[in-house]
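For reference, the structure discussed in these notes is given below.
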Amino acid sequence: QLQLVESGGGLVQAGGSLRLSCAASGRTFSMYAMGWFRQAPGKEREFVAVISWSGGSTYYADSVKGRFTISRDNAKNTAYLQMNSLKPYDTAVYYCAAVVPLPGSSPFEVTEYDYWGQGTPVTVSS
């Protein structure tokens, strides 16, 4: 089992920044691609960003491209999501997730991920 614990969420004004962390334990962190997803009230969980096991590849949802940055530190078993220029529609519970990528799998799909954290809430006020 891989355990994931998110932190860093909170209340911020529009235009502000937050840095989310996802601490992993239990298995070899560097085996996994790490994704960030979010779920707003009444909506489905949606893809935000993903980073490969090495950190060499990253992908973002169009809605956050240019504002959010995903990164990881395999020595610290931690993934990060730096969120800048936050907007009210970024308000959601943010989840990190882990997957060992398989050929043909999509890192953008919720169902592809094996492990999930409990989520950390982010509220952006206007």
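Along the sequence shown, the residues carry numbers beginning at 1.
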Reported [atom1]-to-[atom2] distance for the pair [X] and [Y], which is rounded to 0.5 angstrom:
| X | Y | atom1 | atom2 | result |
| --- | --- | --- | --- | --- |
| Q13 | S125 | CD | OG | 5.0 Å |
| N74 | M31 | CG | CE | 12.0 Å |
| Q3 | Q1 | CD | CD | 6.5 Å |
| Y80 | I51 | OH | CD1 | 11.0 Å |
| S126 | Y89 | OG | OH | 13.5 Å |
| M83 | R38 | CE | CZ | 9.0 Å |

Test of understanding: clusters of I, L, V, M, F, W, Y form through side-chain heavy atoms closer than 4.5 Å, transitively. Do [X] and [Y] belong to the same one?
| X | Y | answer |
| --- | --- | --- |
| W116 | V99 | yes |
| L4 | L81 | yes |
| F47 | V64 | no |
| F68 | F108 | no |
| L18 | V93 | no |

Determine yes or no for a side-chain-to-main-chain donor-acceptor pair under 3.5 angstrom, with [X] supplying the side chain and [Y] the backbone.
| X | Y | value |
| --- | --- | --- |
| S52 | S57 | yes |
| T120 | G9 | yes |
| Y94 | V48 | no |
| Y60 | I70 | yes |
| T78 | K76 | yes |
| E6 | G119 | yes |

Next on the checklist: Would you say that V122 contacts L20 through its side chain, given a criterion of any heavy-atom pair below 4.5 Å between the two side chains?
Outcome noted: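 Contact flag for V122/L20 side chains = yes.
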Checklist entry - F37 and Y95: aromatic ring centres closer than 6.0 Å? => result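 Ring centres of Y95 and F37 not closer than 6.0 Å.
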Next on the checklist: Ignoring hydrogens, what is the shortest heavy-atom contact between F29 and A79? Give both atom names and the distance.
Outcome noted: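 Taking every non-hydrogen atom into account, CZ-N, 3.9 Å.
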Checklist entry - Any ion pair linking K87 and D90 (charged N to carboxylate O, less than 4.0 Å)? => result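 Salt bridge absent between D90 and K87.
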Next on the checklist: Taking the cut-offs as 6.0 angstrom to the six-membered ring centre and 45 degrees off its axis, would you call R72 and W53 a cation-pi pair?
Outcome noted: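 Output no; distance or angle outside limits.
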Next on the checklist: One pair to check against side-chain contact (heavy atoms from CB on, under 4.5 Å): Q118 and V5. What are the steps and the verdict?
Outcome noted: CA-CA 7 Å; Q118 82 290 348; V5 179; 4.2 Å; yes
Item to check | Enclosure of Y115 OH (heavy-atom neighbours >12, cutoff 6.0 Å) | outcome: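 Atom OH in Y115 is packed in, count exceeds 12.
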Checklist entry - Around K65, counting heavy atoms of other residues, nucleotides and ligands shown, do more than 12 lie under 6.0 Å from its NZ? => result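 Correct, the count exceeds 12.
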Checklist entry - Does any pair with a residue in residues 16-37 pass side-chain hydrogen bond (donor to acceptor under 3.5 Å, both in side chains), and if so which ones, sequence neighbours excluded? => result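 Found S17-N84.
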